[in-house]
Amino acid sequence: MAAPDLLFGLRNNFYLGAYQAAINNSDIPNLSSDDSIERDCLVHRSYIALGSYQLVINEIDSSAATPLQAVKLLALYLSSPENKETTVSSLKEWLGDSAIGNNPILRLIAGIVFVHEQDYNEALKHTHPGGTMELHALNIQIFLKMHRSDYAEKQLKIMQQMDEDHTLTQLANAWLNLAVGGSKIQEAYLIFQDFSEKYQMTGLILNGKAVCCMHMGHFDEAESLLLEALNKDAKDPETLANLVVCSLHLGKQPSRYLSQLKLSHPDHVLVKRAAGAEEAFDRAVQTIA
């Protein structure tokens with residue numbers, strides 16, 4: 001009989017965006033040393049997801065295990081633009097070290113950082129060999145960003161062979177269905193609906209359902225889901241970005257949500273696109289004037 005997975009609930013909370021619940025329920029007794037490291041990584045990554053970068057930087061010291069050092073690098077990278085160059089340099093140095101370079105958490109963090117850098121080929125160098133559910137799930141996200149749903153589908157098949165019922169397999173299936181579109185949107189909606197019935201409702205689940213609703217033309221329902229998500233986290237970039245899109249489809253003024261997005265996440269792709277459109281408009285006006 002297999003031993004119980006003591007970290008199942010903690011992992012699930014993290015994967016579904018219930019970051020505070022992951023932190024609050026992380027005091028788990030009788031963990032092995034490897035499980036303790038994984039637990040600490042998930043807790044610190046939850047703090048990172050909540051924007052508490054400095055707490056993670058302060059708590060992980062130089063004697064910590066490689067996976068925790070990698071998580072600290074992610075906190076440093078995200079904490080300020082000035083840190084990015086030195087963090088990427090350190091990351092490349094560690095990845096080149098034969099003693100630690102193949103560590104799955106280090107490779108995962110490398111993938112996340114290079115996705116932020118929009119260097120998808122460099123990200124895939126480290127994530128594509130896979131080995132963990134999280135690495136395969138990140139591969140799917142990267143392939144979808146590259147508009148290669150065919151490669152994403154191959155990764156999903158690997159995940160389904162590893163564990164078809166795993167939360168990340170279900171999430172990845174929903175992402176792929178959304179990317180493919182058409183009749184697959186309803187399947188994606190049912191996955192998010194199943195999550196909402198089984199687990200604590202989170203911004204991630206609400207946004208997933210809302211995006212499905214928008215694809216199906218149900219913008220009123222999408223708006224109510226997104227406003228519920230906004231109540232949970234008023235600064236969540238995906239909620240704000242989706243509200244901008246949803247408001248436009250409903251004929252409502254999206255400027256308040258766009259302003260909030262600009263303030264809290266100035267590097268968000270929607271903010272950059274809006275700025276580019278404004279610049280193009282100003283140039284057009286100048287040529288006419």
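Considering Asn103, Asp97, Val71, Ile37 as possible partners of Thr66, the one that fulfils the side-chain contact (heavy atoms from CB on, under 4.5 Å) test is Asn103. Screening Ile158, Leu144, Leu156, Leu124 for a side-chain contact (heavy atoms from CB on, under 4.5 Å) involving Asn139 leaves a single residue, Leu124. When each of Asn83, Val88, Val113, Thr87 is tested with Leu73 by the rule side-chain contact (heavy atoms from CB on, under 4.5 Å), just one qualifies, namely Thr87.
The existence of a salt bridge linking Glu117 and Lys84 is excluded, since no basic side-chain nitrogen approaches an acidic carboxylate oxygen closer than 4.0 Å. Between Arg45 and Glu134, at least one side-chain nitrogen of the basic residue sits less than 4.0 Å from a carboxylate oxygen of the acidic one, meeting the salt-bridge criterion.
Residues Leu261 and Val269 fall into different hydrophobic clusters, defined by Ile, Leu, Val, Met, Phe, Trp and Tyr side chains chained together at heavy-atom separations under 4.5 Å.
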- Report the C-alpha distance between Glu38 and Arg11 in whole Å, list the side-chain angles of each, state the deciding distance to 0.1 Å, and finish with yes or no for salt bridge (charged side-chain N to carboxylate O under 4.0 Å, His left out). CA-CA 9 Å; Glu38 185 182 350; Arg11 277 195 216 99; 2.6 Å; yes
- Task: Begin with the C-alpha distance, continue with both residues' side-chain angles, and end with the deciding distance and a verdict on side-chain hydrogen bond (donor to acceptor under 3.5 Å, both in side chains) for Asn24 and Gln20.
- Result: CA-CA 6 Å; Asn24 294 349; Gln20 195 59 54; 3.1 Å; yes
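A 6.0 Å sphere centred on CD of Glu197 holds more than 12 heavy atoms belonging to other residues, nucleotides or ligands. No more than 12 heavy-atom neighbours from other residues, nucleotides or ligands sit within 6.0 angstrom of NZ on Lys184.
Ring centroid separation for the pair His215 and Tyr189 does not come in under the 6.0 Å cut-off. A ring-centre distance under 6.0 Å is not found for Phe114 and Tyr120.
Taking Gln170 as the reference, Ile191, Phe195 meet the side-chain contact (heavy atoms from CB on, under 4.5 Å) condition, with sequence neighbours excluded.
At distances below 3.5 Å, at least one donor-acceptor pair connects side-chain atoms of Arg39 with backbone N or O atoms of Ser26. The backbone N or O of Gly130 lies less than 3.5 Å from a partner atom in the side chain of Arg107, making a donor-acceptor pair. Here the side chain of Ser149 pairs no donor or acceptor atom with the backbone of Val180 at under 3.5 angstrom. Checking side-chain atoms of Ser90 against main-chain N and O of Thr86 turns up a donor-acceptor pair under 3.5 Å. The backbone N or O of Leu42 sits less than 3.5 Å from a side-chain atom of Ser46, completing a donor-acceptor pair. The main-chain N or O of Asp61 is found under 3.5 Å from a side-chain atom of Gln69 such that the two form a donor-acceptor pair.
The shortest side-chain heavy-atom distance between Phe192 and Leu171 falls under the 4.5 Å cut-off.
In this pair, His128 and Phe143 present their aromatic rings perpendicular. The plane angle is above 60°, beyond the 30 to 60° band.
Between the side chains of Asn207 and Glu238, no donor-acceptor pair of N or O atoms lies under 3.5 Å.
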